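Structure first, commentary second.
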Amino acid sequence: EAYNIHVNGVLHCRVRYSQLLGLHEQLRKEYGANVVPAFPPKKIFTLTPAEVEQRREQLEKYMQAVRQDPTLGGSETFNSFLRKAQQETQQIPTEEVVLEVLLSNGQKVKVTILTSDQTEDVLEAVASKLDLPDDLVGYFSLFLVRETKDGAFSFVRKLQEFELPYVSVTSLHNPEFRIILRKSYWDSSYDDDVMEHRVGLNLLYAQTVSDIEHGWILVNKEQHRQLKSLQEKVSKKEFIRLAQTLKYYGYLKFDPCVTDFPEKGCHVVVSAGNNELNFQVRLPSEQIKEGSFKVTRMRCWRVTSSVSAALRASREGSEGTGQLRPGFQPRWGGSESRFGAEGSWVRGRSGDLLRWGQTGSGSGAGCRGLPRVPVSAPGLSAHPRRCR
């Protein structure tokens, strides 16, 4: 049995049962049988359709448990397994290449890397090219974005430790998908650390200007006049200080999507920032409603990006049918609002589906019995990551 692993609706890699079993045995060896969850047992005889489905469900639960365990899910064993499988599936040999990474002001940074370099390696290469100090690298991350015809872009997701950036972007076979460097923390008080260095200040300033130009930060006429004056004076720190007081400063804005809440067929724009998910919902009556959920009060949630049928078809041949739509279904319990969190592990041509509990990916609604675990928004963290 071969299983296709999807991240945000796009094929990441294809693995067999024996490979997953090998991963399980390695995890047991490193962390002990009492830490690693039980793995679906081998079968001597050919599986019946019912047994195939049972194994799919068991693998689903196994991968959910591993990914959501802080030790196992963040382990080099688990992440390197997925990186190797990604490279093998996409059939991209290890070789030296030039990767183009965007900055918020449209500037392009070209870095020479290996196709097998992981996300952290590529981030450090970009930082080195920009002369960004080592102690500031952890304040930034690489994001996969989709560029529009007018030069703007929408966020797909933050590039993760289990993938190879070059492989992830080139295997999409679509020039609209790019990699961009942005800050990666919730708390704007960390801006002070970043602004202490010239390169950090320039990156933060460029991102703030870009967000305002794209309308991601709300600005009234008087604020716009003040910002323009500071921009003309090249008062970058003062410009950022003023922007910090504005609504949606530092937020990530995702593509408009369709939700089934509060009514079916509603169009919604989701933004993430300031320790919250913000929703601007256009009801069938054309009325706009806004709401937000603090991530400190959410145990389980999901944000997904829509993937067109054409894009899926280009990646998976005849399997690319229909359009994936993000669905948001709050699950209410006590005083907390909860969202279903699940990624998708999709079985090849037989149509079997595995759902992987991974923040920021997947489709479908509800938690389906996933363990309730604290999570953060895709691409943002409560505190900046410290590099090696």
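Just so you know, these numbers use all the heavy atoms, side chains as well, and skip hydrogens, waters and symmetry mates. All figures in this text were calculated on a predicted structure; none of them were measured in a lab.
Side-chain polar atoms of Q244 and S188 form no donor-acceptor pair below 3.5 angstrom. Under the 3.5 Å distance criterion, with hydrogens and angles disregarded, a donor-acceptor pair is assigned to the side chains of Y185 and D191. No side-chain donor from either of T170 and Q90 sits under 3.5 Å from a side-chain acceptor of the other. Judged by distance alone, the side chains of T77 and E30 do bring a donor and an acceptor atom under 3.5 Å apart.
The minimum heavy-atom distance between A243 and L227, with the atom names listed, is N-CD2, 4.4 Å. When every heavy atom of V137 is checked against every heavy atom of E124, the shortest pair comes out as CG1-CG, 4.4 Å. Heavy-atom minimum distance, P40 versus Y17: O-OH, 2.6 Å. In plain terms, the two heavy atoms of F143 and S184 that are nearest each other are CZ-CB, 4.4 Å. For the pair V15 and A85, the tightest heavy-atom approach, listed with the atom from each and the gap, is CG1-CB, 3.7 Å.
Separating the CG atom in L159 from the CD1 atom in I179 is a distance of 5.0 Å, to the nearest 0.5 Å. Atom-to-atom distance recorded for R83:CZ and N79:CG is 6.0 Å, nearest 0.5 angstrom. Note that CD of Q160 is 11.0 Å distant from CG of L82, once rounded to the nearest 0.5 Å. Atom CG of L130 is separated from atom CG of N202 by 10.0 Å, given to the nearest 0.5 angstrom. Residue L123 holds its CG atom at 12.0 Å from CG of D117, rounded to the nearest 0.5 Å. Between atom OG1 of residue T208 and atom CG of residue L203 there is a gap of 10.5 Å, rounded to the nearest 0.5 Å.
Dense packing is recorded around CD of E222, with more than 12 heavy atoms of other residues, nucleotides or ligands lying under 6.0 Å away.
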Donor-acceptor pairs under 3.5 angstrom involving side-chain atoms of residues 277-286: please list them, not counting sequence neighbours.
| from | atom 1 | to | atom 2 | distance (Å) |
| --- | --- | --- | --- | --- |
| N278 | ND2 | E290 | OE2 | 3.0 |
| R282 | NH1 | E286 | OE1 | 3.1 |

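Within the 4.5 Å cutoff, the side chain of R146 has heavy atoms near those of the N174 side chain. A heavy-atom distance below 4.5 Å is not found between the side chains of V156 and V10. Looking at heavy atoms from C-beta onward, I113 lies out of side-chain contact with D121 at the 4.5 angstrom threshold. Residues V126 and F140 form no side-chain contact, since every pair of their non-hydrogen atoms from C-beta on lies 4.5 Å or further apart. Contact of the S168 side chain with the L144 side chain is not registered, since no non-hydrogen atoms from C-beta on lie closer than 4.5 Å. Side-chain contact between L59 and L20: present, with at least one pair of heavy atoms (C-beta onward) separated by less than 4.5 Å. In this structure, the side chains of Q19 and Y3 stay at 4.5 Å or more apart for every pair of heavy atoms. The side-chain heavy atoms of Q58 and P41, taken from C-beta on, include a pair separated by under 4.5 Å.
In terms of the side chain to side chain contact (heavy atoms under 4.5 Å, CB included) criterion, residue partners of D69 (sequence neighbours excluded) are, by chain and number, T71, L72. Under the ring-ring contact (aromatic ring centres under 6.0 Å, His included) criterion, Y62 pairs with H24, F39, sequence neighbours left out. Not counting sequence neighbours, the partners of T94 by the side chain to side chain donor-acceptor pair (under 3.5 Å) test are Q87. Applying the side chain to side chain contact (heavy atoms under 4.5 Å, CB included) test to T48 and every residue at least two apart in sequence or in another chain returns A50, E51. For K228, the side chain to side chain contact (heavy atoms under 4.5 Å, CB included) test picks out E232, with sequence neighbours left out. In this view, P133 and D135, L136, H197 satisfy the side chain to side chain contact (heavy atoms under 4.5 Å, CB included) rule, not counting sequence neighbours.
The side chain to side chain donor-acceptor pair (under 3.5 Å) analysis of residues 96-110, with sequence neighbours excluded, yields the pairs E100-R178. Pairs engaging residues 33-43 under the side chain to side chain donor-acceptor pair (under 3.5 Å) rule: none recorded [sequence neighbours left out]. The stretch residues 207-221 participates, sequence neighbours left out, in these salt bridge (charged side-chain N to carboxylate O under 4.0 Å, His left out) pairs: R182-D211.
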Item checked: Pair I240-L201, side chain to side chain contact (heavy atoms under 4.5 Å, CB included): steps then yes or no -> CA-CA 9 Å; I240 294 171; L201 173 62; 3.8 Å; yes

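The pair R241-D192 meets the salt-bridge criterion, with a side-chain N (NZ, NE, NH1 or NH2) lying under 4.0 Å from an Asp/Glu carboxylate O.
V269 and Y251 end up in different hydrophobic clusters when Ile, Leu, Val, Met, Phe, Trp and Tyr side chains are linked at under 4.5 Å.
Other members of the cluster containing L114 do not exist, because no ILVMFWY side chain is joined to it at under 4.5 Å. Taking a 4.5 Å side-chain heavy-atom cut-off between Ile, Leu, Val, Met, Phe, Trp and Tyr, the cluster of V98 contains only that residue.
Between W216 and H214, the two ring planes are tilted [angle within 30° to 60°].
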